[in-house]
Each structure stands twice: as structure tokens, then as C-alpha cells.
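Note that the structure is predicted; figures quoted are calculated from it, not measured. Numbered from 1 within each chain, the chains take letters A, B, ... in sequence-line order.
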Amino acid sequence: MRLFNSLTSRVEEVVPTHPDGVVRIYGCGPTVYRQAHLGNLRTFLLTDLVRRALEFEGRTVLLITNITDVGHMTDDSSGQAVDRMQIAVEDEGLAPPEIAEKYTKAYLEDSAAIGILASHVYPRATDHVPEMIELTETLISRGHAYIADEGSVYFDVRSFPGYGKLSGNSIDELQPGHRELEVAQGKRHHADFSLWKSAGAGRLMRWDSPWGEGFPGWHVECSAMSMKYLGERFDVHTGGNDLKFPHHEDEIAQSEGATGHRVVSIWAHGGHLRLSGQKISKSTGNVVLVSDLVEQGIDPLAYRYLTFQTRYRSEMDLSLDALEAADRGLRRLRQRMAGWAGTPPPAERSDAASGLDRRFREAVADDLDMPRALVVLNEAVSSAEVPDGEKYALLASWDSVLGLDLERSAREDVELPPDVQDVVRRRDDARAAGDYATSDSMRERLTGMGYEVMDTAGGTRVRRRA
RNA sequence: GGCGGGGUGGCCGAGUGGUUAGGCAGAGGUCUGCAAAACCUCGCACACCGGUUCAAUUCCGGUCCCCGCCUCCA
């Protein structure tokens, strides 16, 4: 499988660096002081897709997703730097660990709802403060970091020649204090970033350190945890485009500064999701959640389907129209599947099916070209050469990458409750007898039970109405 | 100021130097006790201005506009 590497701006083959052949992936995970929105989820979907695509090829994957539960992030909506965790604590009347627990759970539920497979480890930042302190000490001893007067530790960007290689920024061009709220005193260069910050008054989450009470800088978390679980060299690191700078740039500086060598092979960044042309973000407040989809009667997996229609690196515009179109399209697909479910696949795969399968796999392996994969899928759906049973088997196998639960309708058809089956039978009898009045009343009854009625050559077919 | 991504038909969005992306929506039709589903057919594009070319939506130059990052961000 090939992936676009932000570091080299080229599409590169994913080659496991460890001799065990396991592909090691680190995906930047959620901050858990509030609920993840669809924009965040698009990035997590990218990580999931990388993982599924590799497994689809028969690879073994080790996937780590961090949970950022340290309230070191600040919020500038009020024009002042405020600890976001602290805001949540005040708003919800819960202690920081409870807030973190609550939103970690919500994140896992939302992920599952959009078909994201569970990661193998979900390390929490608060469980790894000692590792972060250790990494900071290493960086100090290697001359990449220094202790400022007030008990904070900063990374010295000028000590790391490669600084800027991911984002294309150069130290000289970075504007000082562009958006920095608390202009830190004691930095040697304005681009220096904190590895450890001394805790001011009112800071809820604080730890002891060699430099006094404080809390870790944002970026150390990922360096410390990725190397702890994946080793000093690993294969793929994913994240949203906005993390390129400064987060990942700083992570590279830390990890490579501490080890003296390249740590991550491929950096894969996902494009942002927009809502009516505007970036969706926690700070602008134009947020759509999984629960909003459910309220609109949209299958959360339809969102997953929708994201496949756009290349992962492109920005994508979200609208209710687009979501509804995807929802309808997905439902239709599942119903087509249900229609083929009764036919067994042929003993030998047809040439047509083999060709489609090859093209589908090629598209997925080619830097996750899901729009192309969907074209192949649509060709398969309407192919005159592939028998129904084979179509079913083909799409079902592709669903291990797609994760769209394509077999849902087929499954529901089989699992009709007995009382529904009974009404269906009575309607079929009435129709056979030409008693259309009874037939229509049975239809109404089924509608009342939440089922839509269709006549087919094989008799009444019903499907659950969302 | 620095770095980067875009402007495609009603909507979302692929892609390409000449030949239909696809989905959703719309129109017509087949089928049907009715209805739905399904299937068939159709319409509607490539921001603007120049240039290169036999031929540009696709390449080059310029213009306009939109969006992201530049230490809160997926």
C-alpha cells in the first residue's frame, strides 16, 4: 500500500521498519474535555482506513491512539488564555478525571458508531507524565532544551537543524507571537515551545517535576507515548492537517532530538471538514456531532460513506443535503445486497468479478483512493456479467475496508420478528386470493409496525423504515 | 509577510490534452391490483482573461475569489 508522505510530498510504499513485519501506526487522538465533532472524526476515519486497508492486504497492524486528557490547552474565545479543562470543570461540576472519563467514553462510542475499529492501545497522557519528564530530561542533556527562570522547560528550535522540514516553515519566517496569548518570558527564541510548564495559581492538573510543580507541554505527550508503545522507529503517523504545524513539527524535533535519528517513516495528514465553507472547530463553535446525525435520522455510517466520496487529503464540505444523499445511497446499497443475498455465489469466481476485485484493491492501495474504489463498487453493483450471489460475496468482502455494514438489510430480512412475519404471510395470502382490501390493510399494519412494504416476484418483502 | 490547498453540471464530489467519472436530486419510460423497489433513457459542467496546440476543463502566464496553517485546533 502507498500513502502520501507529508514529509517528502510524495506517495510512498508503506514498508514495516520492524523485522516482525507488523505495521506500526500512531494516530493522534482526541482531546477529552468535550465531545468530538464530525471534523475530528474525519481524521480518525483516516486512521481507521489506513489500518483497514493494510489489514485488507493481509498485513498485521499495531495501532495506538492517544487520549489527550491534560488540560494544558488554552482557549482564546474570550481573548484570554483559559484552561479548557478548567472551563469544562466549571461548566459541568465534575473533576478533571471525571470529565476526561466521560468524554473518552463518548469518543469511543462515536467512533464505533461510524465504524472505526478499536485501537490496540489507548494511552492516556496523564498516565505517562513520568515518561514525558524523562524525555524532557533527555532533551536537556542532549542540548535541545533549556530551563527557563520560572521553572518551565523549552525546546530550543535552533538546536535542531531539521526544524521546519514537515511544515515548510523556516524559523526565521515564523512570526513572533502570531497567536500566542501568554507571551512566555524566558524563551530564547519565539519559536521555542514548552516541554514543561510551571503551574500557575488555579491550575488544577499539576505534577511534581525536577523543575517544580507544573504540567507537560502538549507536544511531548505524543513523542513520549508513540516511542513507548511503538519503538524508536515506526511506520505511519496520522493526524489532521492543522496538526502539521506546530504539533507534528515539534514532535519530530523532540523525537529525533532525543534519539538522534528519524522516528516516523510516513506522516499522513487528512484534509479538513468544512461546514458551509467554514472550518469546523471547537473554537468557532459550528460543531456537528454524531448525535446530531442520529437526530436527523441519518445513519452515522452514511457520514463514513460520504467521506469516502472525497479524497482524504482534500478539504470536504459538509451539508445536510450531502449527508442525506449519502444516507439514501447507502441504504439503497444495502437493499441491493439484501436482494442478492438469497443467491449462492458460483463455485468459481468469474473473470468479471476478479477484474473488479483487482481494481478495487488497487484503488484502495493507491493512497486510499476511495472515490475510485466507489466507482468500481458501483460498476460491480450494476454489472451484467457478475451473478447476484457473487456480487454479494464481493461487496461483503470489500466491506472489511469500507466498514459500511453493507450486509445489514440482508441480515434484517432474515431476522424479521415473528409477528411481522405473520402479517406478511397474511398479506401474501390475501393478495393470492385477490382480496386487495385486506392486502392494503395489512400493508398499513406493517407500516404501523415500522416496515415498508414492497411486492416482489417472491411475494411481500418488507424493510425496516428508519 | 511566510507556507499551503482550492474554484467542475441542482447538490456532494472524481478525473483527463481529443472519447460518459460516480453518487444524490430532476424528467420520461418499463414493470405493477395500488404503491414501492428495480431497471432503461435523458438533460445539465469544468471561475475569468490571454497564450501554447490540429485540439485545453486538463499545459503556461495573468486576474478575481474562497479556504487552511504560522505555537487553541482533527
Taking the [atom1] atom in each of [N] and [M], what is the distance between them to the nearest angstrom?
N	M	atom1	value
C48(B)	A56(B)	C1'	15 Å
U20(B)	C34(B)	C1'	37 Å
C44(B)	A21(B)	C1'	15 Å
A47(B)	U41(B)	C1'	32 Å
G2(B)	U63(B)	P	15 Å
C46(B)	U19(B)	P	14 Å
G17(B)	C60(B)	C1'	13 Å
G13(B)	U8(B)	C1'	9 Å

Nearest to the side chain of [X] - [options]?
X	options	value
E452(A)	C12(B), A36(B), C70(B)	A36(B)
H37(A)	G68(B), G33(B), A74(B)	A74(B)
T310(A)	C69(B), A14(B), G33(B)	A14(B)
Y436(A)	C11(B), A74(B), G33(B)	G33(B)
D440(A)	G13(B), G15(B), G33(B)	G33(B)
R274(A)	G33(B), G68(B), C67(B)	C67(B)

Nearest-nucleotide comparison on RNA chain B, the residue closer to the 5′ end among F245(A) and N241(A): F245(A)
Quick check: on RNA chain B, is the nucleotide nearest L243(A) upstream (toward 5') of the one nearest L306(A), or the reverse? Name the residue that is more 5'. L306(A)
All salt bridge (Lys or Arg N to Asp or Glu O under 4.0 Å) counterparts of [X], not counting sequence neighbours:
X	value
R42(A)	none
E324(A)	none
E412(A)	none
R445(A)	none

Just call it for [X]: base, sugar-phosphate, or nothing, with non-hydrogen atoms closer than 4.0 Å on any strand.
X	value
G239(A)	sugar-phosphate
L273(A)	base
R427(A)	base

Length of the [atom1]-[atom2] vector between [X] and [N], whole Å:
X	N	atom1	atom2	answer
L377(A)	A14(B)	CG	P	17 Å
R304(A)	C12(B)	CZ	P	23 Å
D192(A)	C70(B)	CG	P	17 Å
M454(A)	A36(B)	CE	C1'	7 Å
K391(A)	A38(B)	NZ	C1'	11 Å
D429(A)	G33(B)	CG	P	17 Å
H272(A)	C66(B)	NE2	P	20 Å
L318(A)	C11(B)	CG	P	16 Å

Can you sort out the partners of [X] under side-chain contact (heavy atoms from CB on, under 4.5 Å), two or more places apart, ordered by chain and number?
X	answer
A373(A)	F360(A), A363(A), V364(A), M370(A)
D299(A)	L301(A), A302(A), D327(A), L330(A), R334(A), R408(A)
R361(A)	F56(A), D357(A)
H120(A)	R51(A), L62(A), L63(A)

State yes or no: are the ring centers of Y163(A) and H189(A) separated by less than 6.0 Å?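 No, ring centres 6.0 Å or more apart.
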Contact under 4.0 Å: R331(A) side-chain N or O vs A37(B) OP1/OP2: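 For A37(B), neither OP1 nor OP2 has a side-chain N or O of R331(A) closer than 4.0 Å.
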Strictly under 3.5 Å: I want the nitrogen or oxygen pairs between protein and nucleotides 21-26 of chain B, one per line.
| from | atom 1 | to | atom 2 | distance (Å) |
| --- | --- | --- | --- | --- |
| G22(B) | O2' | N378(A) | ND2 | 2.5 |
| C24(B) | OP1 | R332(A) | NH1 | 3.1 |
| C24(B) | O3' | R328(A) | NH1 | 3.3 |
| C24(B) | O2' | R328(A) | NH1 | 3.0 |
| A25(B) | OP1 | R332(A) | NH2 | 3.3 |
| A25(B) | OP2 | R332(A) | NH1 | 3.4 |
| A25(B) | OP2 | R332(A) | NH2 | 3.4 |

Quick one: does I140(A)'s side chain get under 4.5 Å of I147(A)'s, heavy atoms only? yes
Any idea which heavy atoms bring D366(A) and R372(A) closest together, and the distance?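 Looking at all heavy atoms of both residues, the closest pair is OD2-NH1, 3.0 Å.
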Distance-minimising heavy-atom pair for A145(A) and V153(A):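 In terms of heavy atoms, the two residues are closest at CB-CG1, 4.1 Å.
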Would you say the side chain of S314(A) and the base of G5(B) hold a donor-acceptor pair, judged only by whether the two atoms sit under 3.5 Å apart?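 No.
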Classify the side chain of R443(A) and the base of A35(B) as holding, or not holding, a donor-acceptor pair under 3.5 Å.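 Check passes, donor-acceptor contact within cut-off.
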So what is the 5' to 3' dot-bracket string for RNA chain B, if pairs are Watson-Crick or G-U wobble with both distances under 3.5 Å, crossing pairs use [ ] and | means the partner sits on another strand? (((((((..(((.....[...))).(((((.......)))))....(((((..]....))))))))))))....
So, taking the atom named OG in S255(A) and the one named NE2 in H248(A), what distance separates them when rounded to the nearest 0.5 Å?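 Here the interatomic distance stands at 10.5 Å.
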Sequence neighbours excluded - salt bridge (charged side-chain N to carboxylate O under 4.0 Å, His left out) pairs with any residue from residues 379-395 of chain A: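 Sorted result for residues 379-395 of chain A: R359(A)-E379(A).
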Scan nucleotides 40-42 of chain B against the protein and return all N/O pairs shorter than 3.5 Å with their distances rounded to 0.1 Å.
none

